[in-house]
Engineer: 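The structure is given below, and queries will be raised subsequently.
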Amino acid sequence: AMHPLPALSVFWLLPLAFTLEEDSPLNCVPRRAVPFHKDNAHLFSEEGVFNYSTMLLREDLDLLVVGAREAIYALDLNDISKKLASVKWEVTQQQKEDCQNKGKHPEVHFCFFNYIRILHKTEDNRTYVCGTNAFDPECDYMSYKDGQLTLEKKGEDGKGKCPFDPFQRYTSIMFENDLYSATSMNFLGSEPVLMRSSPVTIRTEFKSSWLNEPSFVSMTQMPESEMSAEGDDDKVYLFFSETAVEYDCYNKLVVSRVARVCKGDLGGQRTLQKKWTSFLKARIDCPVLESQLPYIIQDTYRWCDSQQRWKDCLFYAVFTPQSDTSDLSAVCVYRVSDISRVFAEGKYKTPVTVETSFVKWVMYSGEVPVPRPGACIDNEARKAGITETLALPDPTLQFIKLRPLMDQAIQPIGGKPLLVRRGATFTCIVVHQVQAADGEKHRVMFIGTEEGTLLKAVNYDGEMFIIEEVQLFQPSESIKILKCSNVTGQLYAGSDYGAAQVPLATCGRSLSCMDCVLSRDPYCGWDKVAGKCTLLSSSQRELIQSVKEGDASLCPKADPVKPLNRFIWPGGNLKLSCSSPSNLAKTTWERDGTALTPTARLQLLHDGLLILSASDSDTGRYLCQSMEHSNAGQYAATVAEYQVSMDPAGPGDGNRIFPKAQINGPSVAGLQAVIGLLLVSLLALLTWNFYKGYIPLPWNCLKNREQTEEHGDLNSAVTYQDAQRPAAAEKKLLVCGRDNGTNYKNHSPEGAELSVAEESDLPKVNLQSLQLIDNESEI
Ligand SMILES: *[C@@H]1O[C@H](CO)[C@@H](O)[C@H](O)[C@H]1NC(C)=O
Ligand SMILES: *[C@@H]1O[C@H](CO)[C@@H](O)[C@H](O)[C@H]1NC(C)=O
Ligand SMILES: *[C@@H]1O[C@H](CO)[C@@H](O)[C@H](O)[C@H]1NC(C)=O
């Protein structure tokens with residue numbers, strides 16, 4: 001039998017959050033949930049090709065270059081479903097065999113492929129490409145000419161640039177034609193490295209105090225030499241996570257890190273020869289809930305205001321928990337100047353041997369050599385005659401070789417996350433700034449999730465607001481990469497099964513002025529003349545928008561909804577639909593001007609009202625209203641109106657759900673005949689089967705069937721009641737819950753209590769308490 005309420009399983013669960021404390025960062029329900037639809041996005045994928053996880057925006061060529069498994073595509077930047085060119089890069093039979101002989105993986109199929117991992121634009125307008133190449137990484141140059149992608153087959157060694165193992169995390173950037181890469185240098189993936197290729201290759205020491213089982217996340221450059229009074233150098237920042245060396249009471253505590261090197265670093269003369277002399281790292285915190293294991297960084301986005309200096313640049317970073325016991329994800333934001341200050345002025349940590357072999361990392365409180373270890377060559381060093389790192393004195397180099405870790409950790413702006421969301425696992429983030437109708441600029445975050453959705457969120461003066469969550473890929477297709485083009489105003493996402501392109505805003509999802517204004521999307525406003533929610537940037541007219549307040553009183557009076565006629569008959573059932581465009585809205589029903597309270601016979605569904613076993617008293621004019629709260633007030637909108645009348649003639653073809661009342665209907669005879677016929681055929685079939693001995697024990701089977709049939713008709717209301725009673729089950733569900741892809745809308749306010757309480761079962765490890773001895777002098 002069919003579940004009576006398939007519609008109960010809606011896409012994202014809802015409106016508990018408005019009962020949570022308003023400012024809570026856990027108040028995180030997306031206002032609109034947009035289920036998967038092929039029209040949500042321009043999609044690209046090719047049969048038999050997977051892992052579309054590398055992307056390069058070539059706005060100069062109007063291309064999106066996508067790297068997948070064994071293939072590279074040049075797609076039309078304005079519509080990525082249009083493939084302009086492609087080139088294959090496959091491994092040879094010999095390479096497959098070599099790989100298998102090295103015997104890395106029992107699952108040899110990893111050896112079969114070349115996963116494209118690096119795509120960068122070079123200064124001569126070509127593209128630098130690297131692939132894992134059956135555990136033998138290789139790099140090449142690629143050009144796009146006359147509508148053709150061509151690989152030059154240079155066969156450059158990709159060791160240290162590109163991972164061997166396609167599952168190992170890596171990152172790289174190309175900065176002034178130098179490739180900076182963070183990956184593993186060897187076949188086993190056990191030798192991590194941050195490396196700059198060409199002209200002189202500079203890399204990290206192979207020591208656990210430098211990189212300890214790291215998982216590389218992202219890299220970016222910062223033009224810190226610009227107008228620098230100290231004559232500072234440009235820097236490259238690396239974000240990663242690694243096993244902490246500084247917490248001794250935990251076997252494997254993973255922490256998030258930011259490291260940086262100076263662009264002009266040439267390594268030392270004898271000590272740290274061809275190694276970074278400027279590699280410094282610090283812990284980077286995103287304190288989601290105080291008493292938890294550190295959250296792990298997953299992606300970052302560098303956001304800079306073109307009108308301001310580098311010091312005002314921000315890093316947006318997404319974090320996920322290190323244990324499976326929590327399903328919170330978070331965004332923390334850091335000032336580049338805060339990070340830079342820790343490296344430039346902060347204290348160092350130093351290893352100290354306690355007892356015989358036990359090493360503890362504590363704050364270094366001794367004398368620090370000059371020039372400052374890890375600093376770039378600046379005016380002061382130049383004054384002392386040190387114009388390049390090769391001239392750095394040995395004490396400085398010895399110091400940094402031993403102590404690349406800063407004592408102080410980097411804290412996010414405000415000391416807490418900007419956004420916390422339960423139930424969706426964040427994978428990547430981009431940020432785009434937009435000017436709202438009032439002239440104010442807002443930074444909008446677009447966050448990809450493991451569930452294949454894209455969240456759009458803004459922070460309005462400390463209030464977190466998730467405008468929408470759009471299902472880009474079918475569930476479980478994790479978003480692996482996200483890019484934003486300033487030029488096209490489009491977002492590009494990649495997953496294992498394809499690439500998708502979506503505009504920064506789809507204003508047309510709002511059909512009414514109230515919905516347009518309450519969506520608080522800084523890209524959209526209501527055009528009174530056209531009667532449409534439209535993009536601010538594409539409209540000449542003045543639009544109604546109120547992003548901070550959500551003041552829908554600015555809207556013209558909405559056109560009344562058209563009443564629909566519905567018929568019921570005594571004892572029949574009827575469903576009246578009513579879907580609010582907003583997850584934050586509450587829907588209420590009234591009949592002939594009186595509010596309806598749910599009863600066993602009148603059931604409130606998330607998308608409508610169910611009238612069971614109708615009688616005369618159920619006729620009348622039904623209004624479905626949605627009530628939405630914003631900072632400016634409460635707004636009610638009539639979503640649907642029905643005129644329900646009795647149809648004494650019996651069931652028409654109205655909105656009835658079950659044909660149960662047909663017993664008295666005129667068409668019953670025909671139906672009975674059909675059922676009779678079916679029964680006869682069934683019996684015949686069964687008899688034949690018994691005769692043939694295909695069904696050994698028919699009696700239990702038949703008995704069960706009879707019982708179900710009896711119950712089925714007996715009281716469908718019972719079934720409904722069960723369906724409408726998920727309150728108990730929902731208590732287990734969490735605020736922005738994800739329940740194997742099925743989510744329930746909860747109407748009971750007590751659901752709100754669940755938000756943080758669940759966390760209390762977790763192991764409580766306080767970072768402070770881990771740091772038993774904080775200072776070297778305490779030993
Ligand atoms: C590539 O895609 C396939 C197909 O979905 C997936 O099973 C595999 O894990 C992906 N490989 C990598 C390295 O991401
Ligand atoms: C690369 O392209 C830019 C603009 O598209 C152009 O100005 C420049 O000269 C090109 N460089 C080379 C080396 O072709
Ligand atoms: C985006 O475009 C604006 C104006 O077109 C420009 O000022 C800004 O620098 C661009 N940002 C990036 C990251 O390219």
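Residue numbers start at 1 and run along the sequence shown. Start at 1 and go down the list; that is how both ligands and their atoms are numbered.
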Engineer: Return a yes/no value: protein heavy atom under 4.0 Å from atom 2 (O) of ligand 2?
Structural biologist: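 Under 4.0 Å from atom 2 (O) of ligand 2, at least one protein heavy atom found.
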Engineer: Output yes when the distance from some N or O of ligand 1 to some N or O of Arg117 is under 3.5 Å, and no in every other case.
Structural biologist: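 Among all N and O atoms of Arg117, none is under 3.5 Å from an N or O of ligand 1.
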Engineer: How about Cys130 and Cys162, are their SG atoms within less than 2.5 Å of each other?
Structural biologist: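 The answer is no, since Cys162 and Cys130 keep their SG atoms 2.5 Å or more apart.
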Engineer: Which protein non-hydrogen atom lies closest to atom 8 (C) of ligand 2, naming both residue and atom, and how far is it?
Structural biologist: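 Here the closest protein heavy atom is Asn125 ND2, 3.7 Å.
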Engineer: Give yes if a backbone or side-chain nitrogen or oxygen of Asn51 is under 3.5 Å from a nitrogen or oxygen of ligand 1, and no if not.
Structural biologist: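 The answer is yes, given that Asn51 and ligand 1 share an N or O pair closer than 3.5 Å.
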Engineer: Would the Phe187 and Phe135 ring centres measure less than 6.0 Å apart?
Structural biologist: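 Yes, the ring centres sit under 6.0 Å apart.
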Engineer: Given Asp98, which partner from the list Gln100, Gln94, Lys96 fulfils the side-chain hydrogen bond (donor to acceptor under 3.5 Å, both in side chains) test?
Structural biologist: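 Per the side-chain hydrogen bond (donor to acceptor under 3.5 Å, both in side chains) rule, the option paired with Asp98 is Gln94, out of Gln100, Gln94, Lys96.
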Engineer: Can the ring centroids of Tyr316 and Tyr334 be said to lie less than 6.0 angstrom from one another?
Structural biologist: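 Not close enough - the centres of the two rings lie 6.0 Å or further apart.
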Engineer: Please list, in number order, the atoms of ligand 1 under 4.0 Å from a heavy atom of Pro166.
Structural biologist: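 Numbered from 1, ligand 1 contributes 13 (C).
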Engineer: Just one of Tyr128, Tyr170, Tyr180 clears the side-chain hydrogen bond (donor to acceptor under 3.5 Å, both in side chains) bar with Lys161, so which one?
Structural biologist: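 Of all the options given, the one that passes is Tyr128.
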Engineer: Looking only at protein heavy atoms, which one is nearest to atom 13 (C) of ligand 2, and how far off is it?
Structural biologist: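 Answer for atom 13 (C) of ligand 2: Asp124 CA, 3.7 Å.
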Engineer: Mind checking whether Phe315 and Tyr301 have ring centres under 6.0 Å apart?
Structural biologist: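 Distance test on ring centres: not under 6.0 Å, no.
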Engineer: Taking only heavy atoms of Phe167, which atoms of ligand 1 are found under 4.0 Å from at least one of them?
Structural biologist: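 Result: 9 (O), 11 (N), 12 (C), 13 (C).
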